[in-house]
Undergrad: 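Quick one: the structure is below, questions incoming.
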2 protein chains.
Amino acid sequence: MLGTAEKSTRAPRHEATRQRIVDEAWRQVRQHGLAGLSLRRLGSSVGMRAPSLYSYFVSKSSIYDAMFAQGWAECIAEVTPCVTASDRRGVLRQLARSFAAFSLRDPIRYQLMCQRVIPGYVPSPEAYAEAVEALELTISRLRGVGIDGPGDVDLWTALLTGLIDQQIANDLGGERWLRLIDDAVDMYVDRIDRRAK
Amino acid sequence: MLGTAEKSTRAPRHEATRQRIVDEAWRQVRQHGLAGLSLRRLGSSVGMRAPSLYSYFVSKSSIYDAMFAQGWAECIAEVTPCVTASDRRGVLRQLARSFAAFSLRDPIRYQLMCQRVIPGYVPSPEAYAEAVEALELTISRLRGVGIDGPGDVDLWTALLTGLIDQQIANDLGGERWLRLIDDAVDMYVDRIDRRAK
DNA sequence: GTCTATATTTGGATAGAC
DNA sequence: GTCTATCCAAATATAGAC
């Protein structure tokens with residue numbers, strides 16, 4: 001009657017417990033992998049039995065949904081304020097560095113947000129909306145420094161996620177690809193500059 | 001006594017059955033996801049019970065291993081002959097197009113080969129050797145056209161896998177990132193040229 | 001080499017008492 | 001809202017007969 005499906009301001013305790021469950025779910029996927037989330041273990045870690053979780057989430061997928069949405073919300077909250085420059089190269093550098101730092105601090109979160117890894121799980125439209133908002137913030141940042149050609153944004157996301165994916169898959173904990181970020185930004189900026197002519 | 005653990009030329013029938021099992025395993029992961037491979041189902045699809053599979057593979061992981069190695073062997077066999085150009089831009093274009101085509105024709109295979117997605121599975125050293133060989137072939141191709149600076153190869157793999165990852169994750173079946181390949185190659189080549197000065 | 005039988009563990013989800 | 005009890009299904013792997 002009140003809210004949109006699973007959110008309500010009227011039951012703060014309920015909402016707090018939901019959050020505790022999600023927090024613990026993050027802990028568990030970091031330890032056991034994204035697909036290794038178990039309701040029994042999750043329940044017992046927050047002090048209840050598995051069936052009780054169904055008072056807070058209608059299914060296991062809806063827990064992933066809450067995590068997915070939270071991940072993108074955190075991304076928006078953390079990355080956006082990092083971009084303070086106003087010149088093109090500066091904006092791109094800050095964008096790349098802060099998003100890379102955000103992603104590599106929690107590779108499992110990045111996996112849930114940016115890769116299709118859990119068999120059978122597809123983000124709900126509501127959860128996906130958060131991801132769309134993050135992308136739109138990026139798009140508007142790029143437009144602010146004159147980057148809005150067809151494919152320009154897509155090439156940027158590919159370049160940035162490529163560096164991060166490689167870093168995660170082949171040198172987790174190191175900086176083999178991380179240290180190429182400034183090079184990559186320069187390469188990208190030069191291309192934009194050249195196309196402007 | 002004879003061979004290296006799991007390979008033998010002396011039992012062609014045995015080897016043929018192994019291959020049938022691996023082929024069927026590919027079919028199943030394409031349908032149920034990488035983590036959705038089940039020994040019961042796999043066995044029954046090749047006309048035997050799950051325990052019989054243990055006559056051919058010591059564990060489920062060793063099936064993934066065989067698939068991993070086969071994927072990289074196929075990559076070597078398919079991508080290498082596609083590169084016939086001798087100029088820098090031509091080589092990079094052929095390399096990028098053929099690897100992208102190879103990857104996108106079978107996204108699940110790409111996932112197994114290039115992303116860490118199966119909880120608890122890590123390629124064995126023998127399986128990984130095939131991946132290393134593929135990378136070395138790429139490195140030598142790049143060196144052949146004068147690309148060998150520190151980070152140059154890493155930036156190339158990041159750029160290429162970034163495009164493919166985005167294509168798979170966000171526009172499977174389309175060509176939104178695929179069509180940026182030539183642009184990306186140009187951007188990369190310009191950077192190399194500029195650094196030469 | 002293949003089978004049956006089984007060990008052992010685990011999974012998500014529901015019914016219904018309290 | 002939480003519990004017990006249970007359903008139902010699935011998983012990998014081993015033992016031992018044939």
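The analysis underlying the following values was restricted to heavy atoms, covering all of them including side chains, and did not include hydrogens, waters or symmetry mates. Below, chains carry the letters A, B, ... as their sequence lines are ordered, and counting in each starts from 1. If you're wondering where the values come from, they're calculated on a predicted model, not measured in any experiment.
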Undergrad: Earliest and latest nucleotide of DNA chain D, 5' to 3', sitting under 4.0 Å from a non-hydrogen atom of chain A?
TA: D/dG1 to D/dA5
Undergrad: Drop me the distance from A/Ser140's OG to A/Asp148's CG, to the nearest 0.5 angstrom.
TA: 11.5 Å
Undergrad: Which label fits A/Tyr64 and A/Tyr121: parallel for a plane angle under 30°, tilted from 30 to 60°, or perpendicular past 60°?
TA: tilted
Undergrad: In whole angstroms, how far is the P atom of C/dA13 from the OH atom of A/Tyr56?
TA: 18 Å
Undergrad: Ring of B/Phe102, cation from B/Arg109 - is the NZ or CZ under 6.0 Å from the centre and inside 45° of the axis?
TA: yes
Undergrad: Taking all heavy atoms of A/Met187 and all of B/Tyr188, pick out the closest pair and write down the distance.
TA: SD-CA, 3.8 Å
Undergrad: Verify the neighbour count for atom CZ of A/Arg13: are there more than 12 heavy atoms of other residues, nucleotides or ligands below 6.0 Å?
TA: no
Undergrad: In whole angstroms, how far is the P atom of C/dT14 from the CG atom of A/Leu53?
TA: 13 Å
Undergrad: Working to the nearest 0.5 Å, report the span between CD1 of B/Ile118 and CG of B/Leu34.
TA: 4.5 Å
Undergrad: Without decimals, in angstroms, what is the distance between A/Arg49 CZ and C/dA13 P?
TA: 19 Å
Undergrad: I need the OH-P distance between A/Tyr54 and C/dG12, as an integer number of Å.
TA: 7 Å
Undergrad: Checking A/Thr161 against B/Asp165: is there a side-chain donor and acceptor pair closer than 3.5 Å?
TA: no
Undergrad: Given the rule in the salt bridge (charged side-chain N to carboxylate O under 4.0 Å, His left out) test, do B/Glu74 and B/Arg105 qualify, once you have shown the distances and angles that lead to the verdict?
TA: CA-CA 12 Å; B/Glu74 288 171 352; B/Arg105 193 183 331 123; over 6 Å; no
Undergrad: Among residues 30-45 of chain A, which contact DNA chain D at a heavy-atom distance under 4.0 Å?
TA: none
Undergrad: On DNA chain D, check which nucleotide each of A/Ser55 and A/Pro51 is closest to and give me the residue with the more 5' one.
TA: A/Ser55
